[in-house]
Amino acid sequence: MSFTSKPALDTALAHRSIRKFTGEPISPEMLSAILSAGQAASTSSFLQTTHVIRVTDMDKRKQLRAVGANQHYIETCAEFLVFCIDLAKHHAAAAAVQTDWMEMTLMGAVDAGIMAQNVMLAAESLGLGGVYIGCLRDDIRATNDILELPEHVVPLFGMSLGHPAQDPLMRPRLPQSSVVSENGYRPLDKDVLAQYNVVVKEYYRQRSNLDLDWSQQVSNSLAQPVRPDILPFLNEKGLAKR
């Protein structure tokens with residue numbers, strides 16, 4: 001079955017996180033096409049270090065919602081996918097592999113991110129919407145246990161997909177000059193940051209009636225330990241040991 005999709009550039013520039021869905025299912029053919037687009041993504045050294053778990057068991061979704069800050073769209077989306085670093089398949093493929101190097105964990109995380117963005121872009125090009133669910137790592141051991149993951153497999157993030165039932169504001173990004181420089185790194189300009197804070201504050205006021213700018217959001221997120229249980233968990237799984 002073939003599908004009519006929007007152009008890639010138009011799709012990418014129109015991205016917004018969708019958290020409310022109509023309840024209409026995604027057809028098996030469309031889901032397969034979206035996942036095939038994910039598999040077509042680049043993968044370092046052709047190692048294909050990602051595994052995607054399609055969570056259709058509603059009890060498991062309910063448990064993952066409890067892990068994931070009670071985000072209702074984990075349950076209400078048409079499809080919930082969990083992207084994992086998967087180095088177990090390499091132990092099955094060859095006997096003498098060394099997957100406990102930090103580089104392998106980075107490689108797996110990079111591959112998963114690239115694959116997931118292909119999935120999201122393909123889904124959005126077909127008129128679907130979605131949102132990433134990073135808070136599955138708030139209790140990564142619980143997520144691991146719910147999904148019954150083996151050694152060398154680590155859950156990274158989820159993705160809720162479905163037919164949109166909302167038309168949210170687009171979240172303003174930093175000016176391109178603040179994220180792209182030539183031949184070296186350019187520090188963030190304080191005047192640009194001040195102007196961007198004004199833009200973000202207005203966005204949050206319109207979206208949620210919140211008094212919040214980007215600097216405050218950064219402080220709220222990073223002025224405290226950030227999931228300190230992640231490294232010990234990775235070590236327990238046989239990853240990031242050296």
Side-chain angles (χ1 to χ4, degrees), residues 5-19 34 37-50 83-85 101-125 129-138 154-159 168-208 210-228 230-231 234 239-240 242:
S5 61
K6 295 183 292 185
L9 184 59
D10 292 347
T11 301
L13 292 175
H15 169 72
R16 293 160 301 166
S17 292
I18 299 298
R19 296 175 172 86
I34 290 167
Q39 283 191 273
S42 298
T43 170
S44 183
S45 300
F46 195 44
L47 290 175
Q48 304 178 81
T49 55
T50 306
F83 290 77
C84 305
I85 296 174
W101 294 97
M102 185 64 201
E103 170 61 14
M104 291 304 305
T105 300
L106 289 175
M107 189 182 297
V110 169
D111 272 15
I114 295 171
M115 181 179 182
Q117 191 57 25
N118 258 31
V119 168
M120 181 68 81
L121 188 65
E124 291 177 336
S125 78
V131 62
Y132 287 99
I133 310 294
C135 59
L136 293 184
R137 298 192 306 280
D138 285 352
V154 171
L156 288 178
F157 52 86
M159 180 189 291
L169 292 171
M170 186 173 293
R171 183 171 290 181
R173 287 339 196 226
L174 282 161
Q176 194 171 101
S177 62
S178 297
V179 297
V180 180
S181 57
E182 187 172 348
N183 298 323
Y185 180 78
R186 181 195 301 119
L188 181 60
D189 183 279
K190 291 185 177 180
D191 290 335
V192 171
L193 175 59
Q195 295 168 13
Y196 182 61
N197 276 330
V198 172
V199 172
V200 171
K201 179 169 281 196
E202 177 61 16
Y203 162 78
Y204 277 121
R205 186 195 66 78
Q206 290 187 39
R207 193 193 80 167
S208 308
L210 289 175
D211 183 18
L212 180 67
D213 65 22
W214 191 67
S215 291
Q216 291 167 326
Q217 181 170 331
V218 169
S219 180
N220 291 346
S221 298
L222 303 181
Q224 56 192 343
V226 182
R227 295 180 180 136
I230 295 294
L231 181 57
L234 289 173
L239 277 67
R242 50 182 172 160

Go through the structure and list residues passing side-chain contact (heavy atoms from CB on, under 4.5 Å) with [X], not counting sequence neighbours.
X	answer
Asp189	Asp191, Val192
Val218	Trp214, Leu222
Gln195	none

N/O donor-acceptor pairs under 3.5 Å from side chains in residues 37-48, not counting sequence neighbours:
from: Thr43; atom 1: OG1; to: Gln48; atom 2: N; distance (Å): 2.8
from: Thr43; atom 1: OG1; to: Asp111; atom 2: OD2; distance (Å): 2.6

Measuring from atom [atom1] of [X] to atom [atom2] of [Y], what distance do you get when rounded to the nearest 0.5 angstrom?
X	Y	atom1	atom2	answer
Asp213	Tyr203	CG	OH	14.0 Å
Arg207	Arg171	CZ	CZ	5.0 Å
Leu239	Met102	CG	CE	9.0 Å
Leu156	Ile133	CG	CD1	14.0 Å
Asn118	Ile114	CG	CD1	8.5 Å
Asn197	Gln216	CG	CD	7.5 Å

Test of understanding: with side-chain hydrogen bond (donor to acceptor under 3.5 Å, both in side chains), list the residues that count as partners of [X], not counting sequence neighbours.
X	answer
Arg19	Tyr73
Ser17	none
Tyr196	none
Asp138	Arg227

Work out which heavy atom in [X] is nearest to a heavy atom in [Y]; give both atom names and the distance.
X	Y	answer
Gly108	Thr50	O-OG1, 4.3 Å
Gly134	Phe157	CA-CB, 4.2 Å
Gln206	Leu169	CB-CD1, 3.8 Å

Within 6.0 Å of CD in Gln176, more than 12 heavy atoms from elsewhere: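 Atom CD in Gln176 is not packed in, count stays at 12 or less.
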Residues which pass salt bridge (Lys or Arg N to Asp or Glu O under 4.0 Å) with Glu202, listed by chain and number, not counting sequence neighbours: Arg205
Pairing residues for Arg186 by the salt bridge (Lys or Arg N to Asp or Glu O under 4.0 Å) criterion, not counting sequence neighbours: none
Min side-chain heavy-atom separation Pro172-Val199 under 4.5 Å: yes
Side chain proximity check, Leu212 to Gln217, heavy atoms < 4.5 angstrom: yes
Backbone N/O of Ala122 and side chain of Ser125: donor-acceptor pair under 3.5 Å: yes
Under 3.5 Å, which donor-acceptor pairs link side chains of residues 7-15 to any protein atom two or more places apart or in another chain?
from: Thr11; atom 1: OG1; to: Pro7; atom 2: O; distance (Å): 2.8
from: His15; atom 1: ND1; to: Glu124; atom 2: OE1; distance (Å): 3.4
from: His15; atom 1: ND1; to: Glu124; atom 2: OE2; distance (Å): 2.6

Sequence-distant partners of Tyr204, ring pair (Phe, Tyr, Trp, His ring centres under 6.0 Å), two or more places apart: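 Testing Tyr204 for ring pair (Phe, Tyr, Trp, His ring centres under 6.0 Å), a comparison that skips the adjacent residues, returns none.
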